[in-house]
Protein chains: 2
Amino acid sequence: MAEKVTISTVAQHAQVSRQTVSNVLNSPDVVREDTRRRVLDAIEALGYRTNRAARQMRTGRSQLIAVRIEPTRDGINGSVLDRFLHGLTDAAATAGYRVMLYTAAGPADEIATYDDLLSSYELDAFVLTGTDHGDVRTEWLAARGVQFVTFGRPWDNPERHLWVDVDGASGTAHATDHLIAAGHRRIGFIGWPAGSGVGDDRRAGWARAMRDAGLEPAAALDRQTPDGIAQGESVAGDLLRGDAPPTALVCASDSLALGALQAVRAAGATVAVTGFDDTPVARAVGLTSVSQPLAEAAAGCMDLLASALDGDHAALGHRIGPMLLQPTLVVRQSA
Amino acid sequence: MAEKVTISTVAQHAQVSRQTVSNVLNSPDVVREDTRRRVLDAIEALGYRTNRAARQMRTGRSQLIAVRIEPTRDGINGSVLDRFLHGLTDAAATAGYRVMLYTAAGPADEIATYDDLLSSYELDAFVLTGTDHGDVRTEWLAARGVQFVTFGRPWDNPERHLWVDVDGASGTAHATDHLIAAGHRRIGFIGWPAGSGVGDDRRAGWARAMRDAGLEPAAALDRQTPDGIAQGESVAGDLLRGDAPPTALVCASDSLALGALQAVRAAGATVAVTGFDDTPVARAVGLTSVSQPLAEAAAGCMDLLASALDGDHAALGHRIGPMLLQPTLVVRQSA
DNA sequence: TTGTAGGCGTTATCAA
DNA sequence: TTGATAACGCCTACAA
């Protein structure tokens, strides 16, 4: 077990005062070059690392950011959070931060957790994955001046706070374009009930691409249902049994798409299907799907946070604003 | 923004010294009942929370445990880590700990990260997911007296350190039994190359169940391949084209099973298939699979750690040892 | 440019 | 049973 090496140890070793060591670390420009050199060498030689707890006590900053790990719902979309978390952890480490996990049963519970985390761990910031209209969490955080960024736009007001998002409309538009290019004309959409920002956005992309191609995004081809494989299968089945069944289906999630695929197979039909999120399941069953740049999104969240917390970037003149990333379409056998 | 309430605030409010407040918190038995009451009331009224950084500086303990978030390889098995992490975060919170994430490119990088995390954040313990024969990481940690627990047995020596694991052999044996009960006799196994503890274990379960039923786990029915859908498909295809093809296949992973399922479909055969891990993909495609009790495993890891770290359980006389949990078979259409 | 002094909130030691 | 004192490692004044 190595001896504990503190700032004093370094100071002794470098023949300077503790303060000079601290200056080398925190205000390098204020210390003479050769002294700086000497101190840096000592730090290197001794393997000194600043003790975060001590620093935190003085500065009130923990270099810790928190993110919620949600229980995997139908499981399929769990991998999205997974990849996002990995990217965030990487980006955070690079920026000198670490990621702490927390769970919460609901919004109220989540706010209680914020309170706890903030007052006892002094977390520097939160990363929220997704927001709703009138999100109580973001209001709570903003009211207390806590830094946070959301992965997902605040749908009611884009200026409300820092966010990073992926352009879902663009994703479904890509998928729709791809189908149109393949000769499809009757292209249906299976998405979530109106009211969820994300769902509305994805539906809008389909409708836009249809209109841009001179096609009508008819209500008869536009279905709404809660997320899930069974739901997708049921709704797709309805569509396929309709008057003028679609020859292709754009779905708002891989879960819905997977259900749709099953309905198509059951009906013995040949209908192209696209999903959203490019989950492992999509890869496994050959489902064409819209892929979100999750590592980039995570890095974006961290950039925004670092910018707000450290003020470096702001000082450098390029204050970073919200960012909307473009997804890509991964084409497989299903479409 | 609420005023900062420290132990001194509480002391004033309760008309006692700071130390007494500390005692109420850390050695309740040493303080008189009515004083304790008074202090507790003050804590409640003021909403006091102990500052972890300050406590950490004194005690050297951070109440933080670290776990690595791995990049999802073929993606399918990512959900396993996901569920484990969720369970761990929950269990940790209950035990008064928090989970910190880190990534690492390889064993060497991982050890460098240990060093960093330990010396600058003073982490209390690590949770490793899986170990190999002669794992350098566990040796490094053990040599430095760092607490850790592995989710996965140390295959060369069960006594080496704390661990929690799921009985993989039991899982594949269940699957095999299930197939035997359904009338199958020629049951093949598709697993990983010999040498990986986990893979060998799962293979052993199949072989044992076969023998127990008076059947021969013939080499002709036993295949080894790296993990992956493509690999599973290829190997299963070979088996199906063999002299006396199996009527059922037990696979060491859902990835392999999924590939096998595709090979079966391509061959137009009717062959039962079982997988391992009960991933979302298995649920999606109706694959019978062995399900690991991940939340329990995570809770077990935390229990072991808390026991070692806090010594409470040890003091109470029931020192907790390694634990081997039983998986369950989730039966779906594929078998 | 460098050094000295003080304090962040907590707990351990020891005296009252 | 309670309270005063010191110390954990660092950083921010301020003085030299």
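Letters A, B, ... mirror the listed sequences (proteins, then strands); counts begin at 1.
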#### Entry: Residue pairs fulfilling ring pair (Phe, Tyr, Trp, His ring centres under 6.0 Å) with at least one residue in residues 85-119 of chain B, sequence neighbours excluded
B:Tyr114-B:Phe126, B:Tyr114-B:Trp140
Could you list the protein-to-nucleotides 2-4 of chain D atom pairs, N/O on both sides, closer than 3.5 Å?
{"from": "D:dT2", "atom 1": "OP1", "to": "B:Thr35", "atom 2": "OG1", "distance (Å)": "2.3"}
{"from": "D:dT2", "atom 1": "OP2", "to": "B:Arg32", "atom 2": "N", "distance (Å)": "2.9"}
{"from": "D:dG3", "atom 1": "OP2", "to": "B:Ser17", "atom 2": "N", "distance (Å)": "2.9"}
{"from": "D:dG3", "atom 1": "OP2", "to": "B:Ser17", "atom 2": "OG", "distance (Å)": "3.2"}
{"from": "D:dG3", "atom 1": "OP2", "to": "B:Thr20", "atom 2": "OG1", "distance (Å)": "2.6"}

### Message
Without decimals, in angstroms, what is the distance between A:Asn26 CG and D:dT12 P?
### Response
6 Å
By side-chain hydrogen bond (donor to acceptor under 3.5 Å, both in side chains) - contacts of [X] (at least two apart):
| X | answer |
| --- | --- |
| A:Gln19 | A:Asn23 |
| A:Ser22 | A:Asn26 |
| A:Thr129 | A:Glu70 |

Quick test: give all pairs of protein nitrogen or oxygen and nucleotides 14-16 of chain C nitrogen or oxygen below 3.5 Å, distance rounded to 0.1 Å.
none

### Message
Under 4.0 Å from OP1 or OP2 of D:dC10: is there any side-chain N or O of A:Ser22 that close?
### Response
no
### Query
So, is B:Thr6 near the phosphate of C:dG9, with a side-chain N or O under 4.0 Å from OP1 or OP2?
no
SB check [X] [Y] (cutoff 4.0 Å):
| X | Y | answer |
| --- | --- | --- |
| A:Asp310 | A:Arg61 | yes |
| B:Arg68 | B:Glu110 | yes |
| A:Asp132 | A:Arg137 | no |

### Query
Between the main-chain N or O of A:Ala306 and the side-chain N or O of A:Gln147, is there a donor-acceptor pair closer than 3.5 Å?
no
### Positive for side chain to side chain donor-acceptor pair (under 3.5 Å) with A:Asp34, one of A:Arg36, A:Arg38, A:Arg37, A:Arg32
A:Arg32
### Task
Not counting sequence neighbours, which residues clear ring-ring contact (aromatic ring centres under 6.0 Å, His included) with B:His13? List them please.
none
### Query
For DNA chain D, which residues in residues 44-63 of chain B have a heavy atom at a distance below 4.0 Å?
B:Met57, B:Arg58
### Query
Per the end-axis method with five pairs at each terminus, what is the bend angle of the helix from C:dT1-D:dA16 to C:dA16-D:dT1, to 10°?
40°
### Task
Could you list all the side chain to side chain donor-acceptor pair (under 3.5 Å) pairs where at least one residue sits in residues 155-166 of chain B, not counting sequence neighbours?
B:Arg153-B:Asp165
### Task
Kindly state each residue pair satisfying salt bridge (charged side-chain N to carboxylate O under 4.0 Å, His left out) with at least one member in residues 87-105 of chain A, sequence neighbours excluded.
A:Arg98-B:Asp116
### Message
Please enumerate all residues that pass side chain to side chain contact (heavy atoms under 4.5 Å, CB included) together with B:Ala297, with sequence neighbours excluded.
### Response
B:Phe84, B:Phe151, B:Val164, B:Leu325
